[in-house]
Amino acid sequence: MPRVSGWMSEERHFFMRLTRHPLNASAQALWHVLMNKANSSYWRFPLKIHTCELAGILNVSVSTVKAARKDLLQGGYLIFANGKGGRQPASYYLLSMVYEGQLLFGLPNTETFETDKQKTKS
């Protein structure tokens, strides 16, 4: 059974992790919005959110959200998959900052997520 930590522990470890894996302000803000969305949905994953919705919440462009999301993915802060056909919302799983590499909750469809993770590396 996976270990679970609390929001405040995740928050504290997020800032400690920034010293090893720095993020720009947009990526930090996106992580906090996703944590808030996860809390609001009672930690049910995947979080299904349109990129334009995140851009509106953060008051930034869609391209800024995509760049921030890429930084979070490459830094090991989340797992992400695009929605199907551009009309479906993207799926997000947050990774624990306390137990690095472990999902906060839920299990992703690894085939879908591995494909998107490999795309961002190229």
Side-chain angles (χ1 to χ4, degrees):
M1 176 174 226
R3 296 179 287 185
V4 178
S5 62
W7 177 322
M8 293 311 297
S9 293
E10 291 295 332
E11 185 82 16
R12 185 168 50 89
H13 281 81
F14 173 77
F15 283 104
M16 290 172 22
R17 194 166 194 269
L18 286 176
T19 61
R20 294 180 315 226
H21 303 281
L23 295 171
N24 63 38
S26 296
Q28 290 180 44
L30 177 57
W31 185 86
H32 283 92
V33 166
L34 292 171
M35 282 291 284
N36 186 32
K37 289 283 190 184
N39 186 50
S40 297
S41 69
Y42 301 99
W43 305 97
R44 281 188 235 120
F45 289 94
L47 297 173
K48 300 271 189 172
I49 309 168
H50 288 279
T51 305
C52 59
E53 179 184 351
L54 291 170
I57 292 167
L58 293 167
N59 197 27
V60 297
S61 68
V62 168
S63 61
T64 298
V65 171
K66 289 179 179 179
R69 182 174 62 203
K70 183 178 178 182
D71 290 345
L72 289 170
L73 180 65
Q74 290 176 338
Y77 291 90
L78 59 75
I79 298 173
F80 158 81
N82 281 313
K84 303 265 188 226
R87 294 199 176 263
Q88 297 297 317
S91 297
Y92 296 87
Y93 284 87
L94 294 170
L95 296 174
S96 176
M97 299 295 101
V98 176
Y99 306 110
E100 289 192 29
Q102 176 182 305
L103 295 171
L104 281 179
F105 296 97
L107 297 172
N109 175 337
T110 53
E111 182 179 308
T112 302
F113 285 107
E114 285 303 314
T115 302
D116 285 345
K117 192 172 183 179
Q118 290 169 354
K119 284 180 192 174
T120 60
K121 287 184 180 178
S122 5

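Index from 1, following the sequence.
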Check salt bridge (charged side-chain N to carboxylate O under 4.0 Å, His left out) between Arg87 and all other residues, then give those that pass, not counting sequence neighbours.
none

Pairwise side-chain contact, Leu94 with Leu103, heavy-atom cut-off 4.5 Å (strictly under):
no

Compare every heavy atom of Glu10 with every heavy atom of Ser96, then report the nearest pair and how far apart it is.
OG-OE2, 2.7 Å

Any pair counted as salt bridge (charged side-chain N to carboxylate O under 4.0 Å, His left out), so long as it reaches residues 13-25, sequence neighbours left out:
Arg17-Glu100, Arg20-Glu100

So CD1 of Ile79 and CG of Leu73: to nearest 0.5 Å the spacing works out to 8.0 Å

Report, one line per pair, each donor and acceptor closer than 3.5 Å where one atom sits in a side chain of residues 26-34; sequence neighbours left out.
| unit_1 | atom_1 | unit_2 | atom_2 | d |
| --- | --- | --- | --- | --- |
| Gln28 | NE2 | Leu23 | O | 2.9 |
| His32 | ND1 | Gln28 | O | 2.8 |
| His32 | NE2 | Glu11 | OE2 | 2.7 |

Could you list the donor-acceptor pairs under 3.5 angstrom formed between side-chain atoms of residues 45-60 and any protein atom two or more places apart in sequence or on another chain?
| unit_1 | atom_1 | unit_2 | atom_2 | d |
| --- | --- | --- | --- | --- |
| Lys48 | NZ | Ser91 | OG | 3.0 |
| Thr51 | OG1 | Arg69 | NH1 | 3.1 |
| Glu53 | OE2 | Lys37 | NZ | 3.0 |

Would you find more than 12 non-hydrogen atoms of other residues, nucleotides or ligands less than 6.0 Å from Tyr42 atom OH?
no

Those residues at least two apart in sequence (or on a different chain) that pass side chain to side chain donor-acceptor pair (under 3.5 Å) with Asn24 are Asp71

Check side chain to side chain donor-acceptor pair (under 3.5 Å) between Ser61 and all other residues, then give those that pass, not counting sequence neighbours.
Ser63, Thr64

Side-chain contact test, heavy atoms from C-beta onward, threshold under 4.5 Å: evaluate it for Leu18 versus Tyr77 and give yes or no.
yes

